[in-house]
J.: 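I have a structure here, written as structure tokens, and I will follow up with some questions on it.
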Amino acid sequence: MSVNKENVAKIASLARIKMSDDELERMVPELNQILGWVDQLSEVDCSNVEPMTAVIPNELRLRADEVNADPKTGGDRRDDVLANAPAAEHGFFGVPKVIE
Amino acid sequence: MSNYRIQGATGEWEVVIGLEVHAQVTSQSKLFSGADTTFGAEPNTQVSLVDAAMPGMLPVPNAECIRQAVRTGMAIEAQINKYSRFDRKNYFYADLPQGYQISQLYHPIVGEGQLLIEKDEKAGIPEDKIIGIERIHVEQDAGKLMHDQHPTMSYVDLNRCGVALMEIVSKPDMTSPAEAGAYVRKLRSILRYVGSCDGNMEQGSMRADVNVSVRKVGDTELGTRTETKNVNSVRFVMAVIESEVRRQVDLIEDRGTVVQETRLYDPDKNETRSMRSKEDAHDYRYFPDPDLLPVNLEDSFLEECRASLPELPDAKRTRYIEELGLSEYNAAVLTVEVETFARFETLLDITAKHLGKPESEIATTVANWSMSTAPGVVKSLGDEANLEYATAEAQAAILGMQGAGDISGSQAKEIYEIVLKTGRDPAEIADTEGLKQVSDTGAIEAAIDDILASNEDKVEQYKGGKDKLFGFFVGQTMKAMKGQANPQVVNQILKGKLG
């Protein structure tokens with residue numbers, strides 16, 4: 001698998017990263033090098049190997065269904081949530097008009 | 001097979017429909033944070049730092065949301081995947097601060113299932129039909145945008161952002177707007193029985209993406225489909241299909257081609273239009289979410305989920321018909337909504353106890369009361385009715401008196417009217433207001449003897465073959481008894497006397 005300048009430009013635009021022509025040119029071989037390395041890894045047959053999702057044995061932790069049980073991950077903190085917003089009005093985030 | 005056909009200039013067309021229903025999971029807190037999910041709060045007051053996607057925040061799944069998705073899967077007889085995983089669906093939009101939605105693409109929690117839509121000849125569904133369900137996965141909802149509050153800005157409210165959704169994906173098994181409507185209604189009913197979604201379409205708790213394609217009758221290949229997003233009522237789902245079918249047929253017959261695209265429905269104009277701005281949006285670059293380990297469900301958890309399922313609509317309907325002896329129509333109407341069957345079952349239970357009779361013996365009477373008599377009285381009273389007085393106890397007392405022959409059907413209605421206006425006790429009303437029928441044969445017999453004695457000429461005519469006079473005698477007796485005689489007893493005694 002490899003990418004060309006066009007692919008890189010598209011990925012950059014999907015990720016909302018602005019890149020100049022020079023930067024795109026430079027990025028193509030860099031990305032291809034990474035992809036080449038992954039291709040090399042793909043040569044190993046691991047069809048009988050269970051996928052490893054963590055380095056140490058670990059189980060997904062679930063939360064009980066409680067509102068604001070831990071204030072750090074609960075709601076009721078509008079001022080904190082809006083603190084860094086460039087435009088906040090009447091308790092809303094204000095953003096450039098987006099309309100279909 | 002539905003007989004829905006669209007007549008085009010070049011022949012007959014048929015439609016193939018698949019639905020993706022987004023159902024908000026009933027839970028107190030969000031899928032990955034402890035923020036409240038209650039609808040209608042002040043903007044951004046139910047947003048945690050996790051939901052606002054502040055750096056360094058980690059999602060921790062809500063066990064209840066997983067449980068509700070599993071129970072829903074069980075209710076549609078689906079395969080439950082003991083191993084599932086969360087993926088990131090990447091796109092930028094102002095209502096999604098993370099820049100990705102946590103969803104399940106590769107390993108959904110629920111696999112293939114099905115539900116039954118019932119025959120409805122009037123609506124164009126000639127027979128019962130099984131609609132396949134492809135999968136159910138769990139994902140985050142996005143926030144809400146408001147465009148009309150400011151001249152140059154859109155306002156963002158993230159209260160809904162991160163609330164758990166189930167996406168329920170049907171197979172392309174529906175072939176008419178009526179079938180699609182029936183599917184959404186049935187799915188809503190099942191979700192509400194299970195309690196995994198409140199089914200409130202006005203508040204957006206259920207929204208459908210409608211996939212539609214057309215083909216010539218007899219073709220086996222599927223046509224190119226379009227997807228109309230975020231349709232929020234059964235009526236609109238059906239309207240979208242009708243307008244989209246017409247548009248696609250006209251387009252193809254005009255030598256155009258249907259483009260696979262996302263469309264929006266405009267209810268005011270009753271038409272769909274293309275969302276061209278989302279052309280790129282289908283490049284979601286899914287990948288497993290590195291913040292979340294896979295979900296592994298234990299057998300004990302699955303057993304608990306299964307044990308907690310209530311009797312489901314199809315089973316309940318069958319039981320109403322087979323065990324309670326209700327008509328198909330009554331059984332169908334009573335089992336659609338949770339509130340309706342709950343009211344009926346409570347009333348049936350209490351009335352059966354009042355009368356000391358088995359439920360099956362009085363089920364039809366209670367069903368008719370519950371479906372038509374009682375709502376009729378409430379409607380006729382309008383604002384005068386205080387629904388707080390419409391208790392199961394009061395209604396059961398009335399049905400009990402009627403079942404025992406103490407009051408007639410019309411007296412039952414009159415008593416219920418007074419109950420709804422005043423909250424008085426039904427038995428006391430019957431006594432005080434004289435709303436009782438006399439079944440005492442002695443009193444009725446005495447009245448009849450009087451009437452027969454003072455109308456000897458008519459008795460002769462009756463015996464001479466003028467059968468119609470029977471009604472006259474009944475009328476006279478009822479009049480003499482001030483309308484309170486039990487008509488059955490009157491009939492019986494009169495027949496005996498007139499021989």
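Below, chain A is the first sequence line, B the second, and so on; all start at residue 1. FYI, side chains are in, hydrogens and waters are out, and symmetry mates aren't considered; it's all heavy atoms of this structure. Worth saying up front: this structure is predicted, and the values here are computed from it rather than measured.
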J.: Once rounded to the nearest 0.5 Å, what's the spacing between atom CD1 of I102(B) and atom CG of D289(B)?
T.: 4.5 Å

J.: Is chain A contacted by the side chain of P151(B), its backbone, both, or neither, given a heavy-atom distance below 4.5 Å?
T.: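 Just the backbone, heavy atoms under 4.5 Å.
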
J.: Any donor and acceptor pair, going by atom type alone, linking the side chain of R71(B) with main-chain N or O of S308(B) inside 3.5 Å?
T.: yes

J.: Please state whether the side chain, the backbone, both or neither of T152(B) comes within less than 4.5 Å of a heavy atom of chain A.
T.: backbone

J.: Can you tell me which residue pairs pass the salt bridge (Lys or Arg N to Asp or Glu O under 4.0 Å) test with a partner in residues 22-34 of chain B, sequence neighbours excluded?
T.: K30(B)-D51(B)

J.: For the side chain of T37(B) and the backbone of S27(B), is there at least one donor-acceptor N/O pair under 3.5 Å apart?
T.: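 A pair under 3.5 Å: yes.
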
J.: Please flag which part of A94(B) lies under 4.5 Å from any non-hydrogen atom of chain A: side chain, backbone, both or neither.
T.: side chain

J.: Does R306(B) form a salt bridge (charged side-chain N to carboxylate O under 4.0 Å, His left out) with E303(B)? I'd like the steps, not just the answer.
T.: CA-CA 5 Å; R306(B) 197 170 291 284; E303(B) 278 157 28; over 6 Å; no

J.: Check each atom of V47(B) against the heavy atoms of chain A and say whether the ones under 4.5 Å are side chain, backbone, both or neither.
T.: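 Both the backbone and the side chain of V47(B) come within 4.5 Å of chain A.
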
J.: Would H22(B) and D141(B) count as a side chain to side chain contact (heavy atoms under 4.5 Å, CB included) here? Give the steps.
T.: CA-CA 9 Å; H22(B) 296 263; D141(B) 206 347; over 6 Å; no

J.: Does the pair R85(B) and D87(B) meet the rule for a salt bridge (charged side-chain N to carboxylate O under 4.0 Å, His left out), with working shown?
T.: CA-CA 7 Å; R85(B) 217 177 58 186; D87(B) 303 297; 3.6 Å; yes

J.: Does S154(B) form a side chain to side chain donor-acceptor pair (under 3.5 Å) with H147(B)? I'd like the steps, not just the answer.
T.: CA-CA 5 Å; S154(B) 291; H147(B) 304 295; 2.9 Å; yes

J.: Are V194(B) and L191(B) close enough that some pair of their side-chain heavy atoms sits under 4.5 Å apart?
T.: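 Heavy-atom side-chain distance check fails, nothing below 4.5 Å.
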
J.: Give a yes or no answer on whether the side chain of N200(B) reaches the backbone of Q203(B) with a donor-acceptor pair at less than 3.5 Å.
T.: yes

J.: When heavy-atom pairs shorter than 4.5 Å are enumerated against chain A, which of S48(B), P294(B), C65(B), G143(B) gives the highest number?
T.: S48(B)

J.: Which residues from residues 58-75 of chain A are near chain B, with near meaning under 4.5 Å between non-hydrogen atoms?
T.: N58(A), E59(A), L60(A), R61(A), L62(A), R63(A), A64(A), D65(A), E66(A), V67(A), N68(A), K72(A), T73(A), G74(A), G75(A)

J.: Report which part of A87(A) has an atom under 4.5 Å of a heavy atom belonging to chain B: side chain, backbone, both, or neither.
T.: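 It is the side chain, since no backbone atom gets that close.
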
J.: Sequence neighbours left out, what passes ring-ring contact (aromatic ring centres under 6.0 Å, His included) with H90(A)? Give chain and number order.
T.: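 If we apply the ring-ring contact (aromatic ring centres under 6.0 Å, His included) test to H90(A), skipping adjacent residues, there are no hits.
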
J.: Which of residues 157-165 of chain B get closer than 4.5 angstrom to chain A, counting heavy atoms alone?
T.: D157(B), L158(B)

J.: Based on non-hydrogen pairs under 4.5 Å, which of P61(B), A41(B), G99(B) is most in contact with chain A?
T.: P61(B)

J.: Given side chains that start at C-beta, do those of K82(B) and I80(B) come closer than 4.5 Å, heavy atoms only?
T.: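 Contact flag for K82(B)/I80(B) side chains = no.
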
J.: CE of M54(B) to CG of D80(A): how many Å apart, nearest 0.5 Å?
T.: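 Separation between the atoms: 8.5 Å.
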
J.: Quick check on Q149(B) against chain A: is it the side chain, the backbone, both or neither that has a heavy atom closer than 4.5 Å?
T.: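 Neither the backbone nor the side chain of Q149(B) comes within 4.5 Å of chain A.
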
